[in-house]
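As structure tokens, the structure follows; a few thoughts come after it.
Scope of the values below: all heavy atoms of this structure, side chains included, with no hydrogens, waters or symmetry mates. When a ligand or atom number is given, it counts from 1 through the structure's own listing order.
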Amino acid sequence: MNKNKAAVAGKSRDGFTSSFGVLAATLGSAVGLGNIWKFPYLTGTNGGAGFLIVYVLATLVVGLPVMIAEIMLGRKAKADAFTTLKTLAPAGQPWWVISVMGVAAAFLIMAFYSEVAAWVFAYVFKAMGSSIVTHDPKVTSAAFGQLISDPLQSLLWQWLVLALIAGILLMGVAKGIEAVAKKLMPLLFLLLLVVGARSLMLPGASAGVGFLFHPDFSKISAGVVLTAVGLAFFKLSIGMGTMMTYGSYFRDDQNIPATTLRVMCADLFVSMLAGLAIFPAVFAFGFEPAAGPSLLFITIPAVFASMPLGHLFMVVFFFLTAISAVGAMLSLLEVPVSVISGRFHMSRVKATILTLLLLLVVGSGCALSNSSMAGFKVFGMTLFDLFDFCTSNVLLPLGGILLCIFTGWVWGLDRTRLALSNQGALNNQGLCRLLVFLLRYVSPLLILVVMLKGLKVF
Ligand code: PFF
């Protein structure tokens with residue numbers, strides 16, 4: 001039996017060992033800086049509640065079907081994303097191109113994501129001192145500015161983060177990814193609840209709640225909708241083979257639609273909690289909601305500064321945010337590592353080291369985007385902004401469209417039914433029909449129109 005066939009047969013493959021482990025690891029990929037850093041700052045810069053509504057709709061209509069499809073295909077083939085698409089597609093059809101785009105997306109996302117994670121790690125230590133425990137927006141902004149404009153600090157923290165991720169990946173799927181996620185996810189939920197509650201109790205917090213929940217539809221433009229769709233993809237880690245790779249570690253008796261729905265709801269819940277931790281404080285202390293990527297780093301210290309034992313809570317908060325970033329980065333790196341080791345018959349150790357070395361190069365460009373390379377711009381964007389824009393607004397939606405077409409039209413209803421019902425053990429025929437309908441007609445067209453309109457193609 002050749003390697004691919006062995007992979008398809010699922011022999012001696014590392015994988016998730018329990019239902020809770022599957023849930024925690026998948027959630028560990030979805031929940032991350034996307035919830036705590038990206039969602040709040042995009043909501044802030046795109047007008048608040050209106051953006052939130054579009055984002056939730058995008059998650060339901062586009063995100064959920066694509067996520068179910070990816071996990072289903074991954075579990076079927078039990079292989080890396082490239083091999084999965086190659087084995088499941090009819091001979092000669094190059095659907096594997098989705099995984100090539102996915103590997104590119106993984107590198108580009110990791111390049112800027114690991115830098116934001118680097119800031120979070122640095123903040124764990126900054127929070128231990130007292131320099132950032134203040135309500136004064138000028139002081140928190142200056143502290144953040146000083147960190148990101150120092151090339152040496154930016155690089156060192158990023159390299160530290162990358163080394164940590166590589167170390168965990170080397171431990172494997174069950175002992176590395178699953179074990180870390182299982183322990184730390186519940187803790188993150190708990191702490192976000194505490195911080196959210198405190199932020200809501202601040203005098204003047206209601207303006208922030210209004211910003212998050214009272215929509216102003218005049219603020220919704222094509223660009224805003226594209227950003228929301230991009231965020232839905234980024235949040236659920238879809239459109240690039242990540243969920244396909246994780247799907248390959250799913251157990252055969254796992255109920256895929258139910259697990260996916262749970263992950264999606266929990267992920268939305270974490271974003272909501274992060275929004276409730278941040279926006280009431282933004283308005284209570286007179287910060288700027290449209291501050292952009294620095295929002296988390298200048299408002300959260302102020303929330304903690306206003307609560308008893310805030311100092312301690314802030315250390316724990318940034319620590320947990322760092323951990324959530326680790327879960328997401330593990331899944332991001334898992335895509336190139338599994339494709340490289342699968343395709344080139346390289347050991348996992350070698351593939352991880354190779355990926356890491358490549359990332360050190362690509363990532364440094366992002367780490368230096370606020371200092372030595374601030375003047376280096378492509379289409380008017382620094383590398384950090386460019387990579388962020390291209391992945392969320394182009395690569396992930398494009399991967400999503402292709403995945404919809406592949407699952408809806410090539411893979412088809414019958415195989416979807418069989419795969420999602422666990423060979424008939426589950427009774428979910430109606431759901432499968434709805435899913436295939438969405439994947440065939442609704443999701444790809446919607447993404448395409450939004451993408452072209454958002455990019456101002458028409
Ligand atoms: N979903 C992660 C987050 O929201 O932080 C980011 C992410 C992880 C994106 C894995 C893409 C991916 F493949």
Output yes when the distance from some N or O of ligand 1 to some N or O of [X] is under 3.5 Å, and no in every other case.
X      : result
Ala328 : no
Thr242 : no
Met240 : no

Starting from [atom], find the nearest protein heavy-atom neighbour and note its residue, name and distance.
atom                   : value
atom 3 (C) of ligand 1 : Ala30 O, 3.2 Å
atom 8 (C) of ligand 1 : Ser237 OG, 3.3 Å
atom 9 (C) of ligand 1 : Phe234 O, 3.2 Å

Go through ligand 1 atom by atom and flag the ones less than 4.0 Å from a non-hydrogen atom of [X].
X      : value
Tyr113 : 2 (C), 3 (C), 5 (O), 6 (C)
Gly34  : 3 (C), 4 (O), 5 (O)
Lys235 : 1 (N), 3 (C), 4 (O)

Measure up the Phe234 and Tyr113 rings against each other and bin them: parallel (under 30°), tilted (30 to 60°), perpendicular (over 60°).
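Tilted: the ring planes of Phe234 and Tyr113 meet at 30° to 60°.
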Check the orientation of Tyr55 and Phe51. Use parallel for under 30°, tilted for 30 to 60°, and perpendicular for over 60°.
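Parallel: the ring planes of Tyr55 and Phe51 meet at under 30°.
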Per atom 2 (C) of ligand 1, closest listed option by heavy atom (Gly32, Ser29, Gly28, Gly327)
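The option holding the nearest heavy atom is Ser29.
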Would you say Glu334's side chain and Thr242's backbone share a donor-acceptor pair under 3.5 angstrom?
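Absent.
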Does either side chain, that of Lys38 or that of Ser392, offer a donor lying less than 3.5 Å from an acceptor on the other one?
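Per modelled atom types, Lys38 and Ser392 side chains form a pair under 3.5 Å.
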Going by an N to O cut-off under 4.0 Å, is there a salt bridge joining Lys377 and Asp385?
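Answer for the salt bridge query: no.
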Salt bridge present between Asp80 and Lys86 (N-O < 4.0 angstrom):
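Not counted as a salt bridge, because no side-chain N and carboxylate O are separated by less than 4.0 Å.
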Please lay out, stage by stage, how Phe384 and Phe112 fare under the test ring-ring contact (aromatic ring centres under 6.0 Å, His included).
CA-CA 6 Å; Phe384 184 102; Phe112 71 85; 5.8 Å; yes
